Chemist: 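Here it is, the structure in full.
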Amino acid sequence: MAAVAAAAGTFARRMARSGVLFPRSSPQVWPQAARQPPGLLPAQRRAFSNNKILVELDTSSGVATMKFKSPPVNSLSLDFLTEFCISLEKLENDRACRGLIITSAIPRVFSSGLDITEMCGKSTEHYAEFWRAVQEMWIRLYGSNLVTVAAINGSSPAGGCLIALSCDYRIMVENPKYVIGLNEAQLGIVAPFWFKDTFVNAVGHRAAERSLQLGLLHSVPEAHRMGLVDEVVPEEKLQEKAVAVMAQWLALPDHARQLTKSMMRKTFRTLSSSHPKTPSRSHFQRTWRC
Ligand SMILES: CCCCCCC/C=C/C(=O)SCCNC(=O)CCNC(=O)[C@H](O)C(C)(C)COP(=O)(O)OP(=O)(O)OC[C@H]1O[C@@H](n2cnc3c(N)ncnc32)[C@H](O)[C@@H]1OP(=O)(O)O
């Protein structure tokens with residue numbers, strides 16, 4: 001418990017050092033991009049970057065694109081998760097931003113999921129901090145006020161699939177080599193219940209039960225059929241489609257859409273985040289035999 005509290009403190013300090021203010025309390029009012037002072041021509045694009053993630057915000061449309069750029073496979077390390085939360089907070093606090101497209105700058109991989117090297121041979125404090133960061137990523141993304149679209153341009157197993165599932169809409173590139181799913185059972189581990197719940201919310205109970213027990217990684221057409229992804233497009237159409245979907249979602253007043261999203265996700269999110277159990281050090285070590 002003390003380790004968890006210490007980890008929470010460390011994670012909060014990392015976030016605080018980033019200069020991010022949180023949380024934002026009141027819902028945004030639509031349409032933000034139209035609320036620029038008249039006569040002032042704002043810069044149309046803003047960008048910020050760290051060594052894991054690149055973010056570009058088009059202030060005229062209110063849409064930001066976040067690109068994962070952590071070779072070789074965008075694994076979700078503690079640093080990556082921290083940068084992810086910082087970037088998301090910055091966008092949430094930017095009044096010019098209403099929507100976020102998440103994609104990968106690494107060929108053939110959206111994200112390979114949790115970084116396995118973070119879960120081996122580390123201290124109790126490290127496991128607690130890492131686990132805290134995994135939960136924080138999910139709580140922030142799943143509960144984000146922004147419209148979130150996952151533009152999945154590569155394979156997306158386990159934690160990578162969770163990121164996509166936490167968005168409002170998923171578009172995946174059609175490619176016979178790409179797979180997506182929660183494959184934890186195949187690795188001999190159990191997907192945490194909040195991974196499972198997020199999955200069930202997207203595909204329904206029966207499909208989730210089969211997929212999770214077998215630890216399936218689904219082909220793109222299969223993922224589409226079962227509702228794990230909402231749309232499938234050729235690679236060259238991905239960006240255009242993501243922008244079009246975003247425009248459709250942003251055509252609605254923010255406050256109505258946000259309150260509806262919150263209503264759909266809040267109970268479940270509160271329930272899940274009230275059980276922030278960190279697996280013990282021996283659990284990590286038994287799981288990964290390290
Ligand atoms: C104690 C309780 C713990 C509970 C945890 C429960 C929840 C767990 C969630 C997870 O996300 S666990 C991680 C699950 N991830 C996977 O199973 C994905 C494994 N990776 C792949 O399938 C493939 O790498 C890929 C993503 C399809 C990409 O294939 P590609 O052929 O392009 O690359 P590779 O040659 O396979 O890999 C390159 C390089 O990257 C390393 N790597 C791959 N995945 C990870 C990862 N998740 N974490 C850390 N490192 C990873 C891989 O080992 C290769 O390294 P090198 O051999 O080049 O050093």
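Both counts, for ligands and for their atoms, begin at 1 and track the order of listing. Model, not experiment: these values are computed from the prediction.
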Chemist: I'd like to check atom 54 (C) of ligand 1 in this structure: does the protein have a heavy atom lying under 4.0 Å from it?
Modeler: no

Chemist: Please check if a non-hydrogen protein atom sits closer than 4.0 Å to atom 46 (C) of ligand 1.
Modeler: yes

Chemist: Do any heavy atoms of A191 fall under 4.0 Å from ligand 1?
Modeler: no

Chemist: If you round to the nearest 0.5 Å, how far is CG of L250 from CZ of R257?
Modeler: 7.0 Å

Chemist: For D79 and S77, does a side-chain donor sit closer than 3.5 Å to a side-chain acceptor?
Modeler: no

Chemist: Given side-chain hydrogen bond (donor to acceptor under 3.5 Å, both in side chains), test E174 with H224 step by step and report yes or no.
Modeler: CA-CA 10 Å; E174 59 191 17; H224 189 212; over 6 Å; no

Chemist: Could you check whether atom 21 (C) of ligand 1 has a protein contact, counting only heavy atoms that fall below 4.0 angstrom?
Modeler: no

Chemist: Closest non-hydrogen protein atom to atom 4 (C) of ligand 1, residue and atom name please, with distance?
Modeler: W131 CH2, 4.0 Å

Chemist: Please indicate, with yes or no, if any protein heavy atom is found under 4.0 Å from atom 17 (O) of ligand 1?
Modeler: yes

Chemist: Which pair of non-hydrogen atoms, one from A191 and one from E184, has the smallest distance, and what is that distance?
Modeler: N-CB, 3.7 Å

Chemist: Less than 3.5 Å apart, any donor N or O on the side chain of D115 or S75 sitting next to an acceptor on the other?
Modeler: yes

Chemist: Atoms of ligand 1 less than 4.0 Å from G113 heavy atoms?
Modeler: 11 (O)

Chemist: Identify which one of L91, T65, N50 satisfies the side chain to side chain contact (heavy atoms under 4.5 Å, CB included) criterion when paired with V55.
Modeler: L91

Chemist: I need the nearest protein heavy-atom contact for atom 11 (O) of ligand 1: residue, atom name and distance, please.
Modeler: L114 N, 2.8 Å

Chemist: So does E231 pair up with K241, basic N to acidic O under 4.0 Å?
Modeler: yes

Chemist: What's the shortest distance from atom 27 (C) of ligand 1 to any protein heavy atom, and which residue and atom give it?
Modeler: S155 CB, 4.1 Å

Chemist: Please check if the side chain of D94 supplies one atom and the backbone of K90 the other of a donor-acceptor pair under 3.5 Å.
Modeler: no

Chemist: Mark up the atoms of ligand 1 that fall under 4.0 Å of a heavy atom belonging to G159, in ascending order.
Modeler: 10 (C), 11 (O)

Chemist: Determine whether more than 12 heavy atoms belonging to other residues, nucleotides or ligands lie under 6.0 Å from atom NZ of K237.
Modeler: no

Chemist: Determine, using the 4.5 Å side-chain heavy-atom cutoff (strictly less than), whether V190 and W194 are members of one ILVMFWY cluster.
Modeler: no

Chemist: Under 4.0 Å from a heavy atom of P72: which atoms of ligand 1 are those, numbered in the order shown and with their elements?
Modeler: 39 (C), 40 (O)

Chemist: For atom 30 (P) of ligand 1, is there a protein heavy atom at a distance under 4.0 Å?
Modeler: no

Chemist: Taking heavy atoms and a distance under 4.0 Å, where does L76 meet ligand 1: side chain, backbone, both or neither?
Modeler: neither

Chemist: Run the ring-centre check on F80 versus F68 and record whether the distance is less than 6.0 Å.
Modeler: yes

Chemist: Counting each atom of ligand 1 from 1 as listed, which ones have a heavy atom of P157 under 4.0 Å away?
Modeler: 18 (C)

Chemist: Closest non-hydrogen protein atom to atom 10 (C) of ligand 1, residue and atom name please, with distance?
Modeler: A158 CB, 3.4 Å

Chemist: Using a 4.0 Å cut-off to any heavy atom of L187, which atoms of ligand 1 qualify?
Modeler: 14 (C), 17 (O)

Chemist: Under a 4.0 angstrom heavy-atom cut-off, which atoms of ligand 1 come close to P192?
Modeler: 6 (C), 7 (C)

Chemist: Consider side chain to side chain contact (heavy atoms under 4.5 Å, CB included). Of I102, L100, N93, which one does L88 pass it with?
Modeler: L100

Chemist: Before you tell me yes or no, could you show the steps for V147 and Y169 under side-chain contact (heavy atoms from CB on, under 4.5 Å), namely the whole-Å CA-CA distance, both residues' side-chain angles and the distance that decides it to 0.1 Å?
Modeler: CA-CA 9 Å; V147 174; Y169 201 83; over 6 Å; no

Chemist: Give the residue and atom name of whichever protein heavy atom lies nearest to atom 42 (N) of ligand 1, and the separation in Å to one decimal.
Modeler: V73 CG2, 3.6 Å

Chemist: What do you think, any protein heavy atom under 4.0 angstrom from atom 40 (O) of ligand 1?
Modeler: yes

Chemist: Using non-hydrogen atoms of the residue, decide whether E184 is closer than 4.0 angstrom to ligand 1.
Modeler: yes

Chemist: Using only atom types and a distance under 3.5 Å, with no angle test, would you say the side chain of R108 pairs donor to acceptor with the backbone of K177?
Modeler: no

Chemist: Among all protein heavy atoms, pick the one closest to atom 32 (O) of ligand 1 and tell me residue, atom and distance.
Modeler: V109 CG2, 4.2 Å

Chemist: Heavy-atom distances under 4.0 Å decide this one: backbone, side chain, both or neither, for V179 against ligand 1?
Modeler: neither

Chemist: Does R265 qualify as a cation-pi partner of Y142, given the criterion of NZ or CZ under 6.0 Å from the six-membered ring centre and within 45 degrees of its axis?
Modeler: yes

Chemist: Identify, for atom 48 (N) of ligand 1, the protein heavy atom at the shortest distance, and state residue, atom and that distance.
Modeler: I116 N, 3.0 Å

Chemist: Counting N and O atoms only, with roles assigned by atom type, does the side chain of K69 sit under 3.5 Å from a partner on the main chain of N74, one being a donor and the other an acceptor?
Modeler: no

Chemist: Geometry only, no angles: is N183 polar-contacting ligand 1 at N/O separations under 3.5 Å?
Modeler: yes

Chemist: Using a 4.0 Å heavy-atom cut-off, which part of S112 comes near ligand 1: side chain, backbone, both, or neither?
Modeler: both

Chemist: Can you tell which part of D115 has a heavy atom less than 4.0 Å from ligand 1: side chain, backbone, both or neither?
Modeler: both

Chemist: Nearest heavy atom to atom 1 (C) of ligand 1: which of Y178, F284, F110, Y127 does it belong to?
Modeler: F284

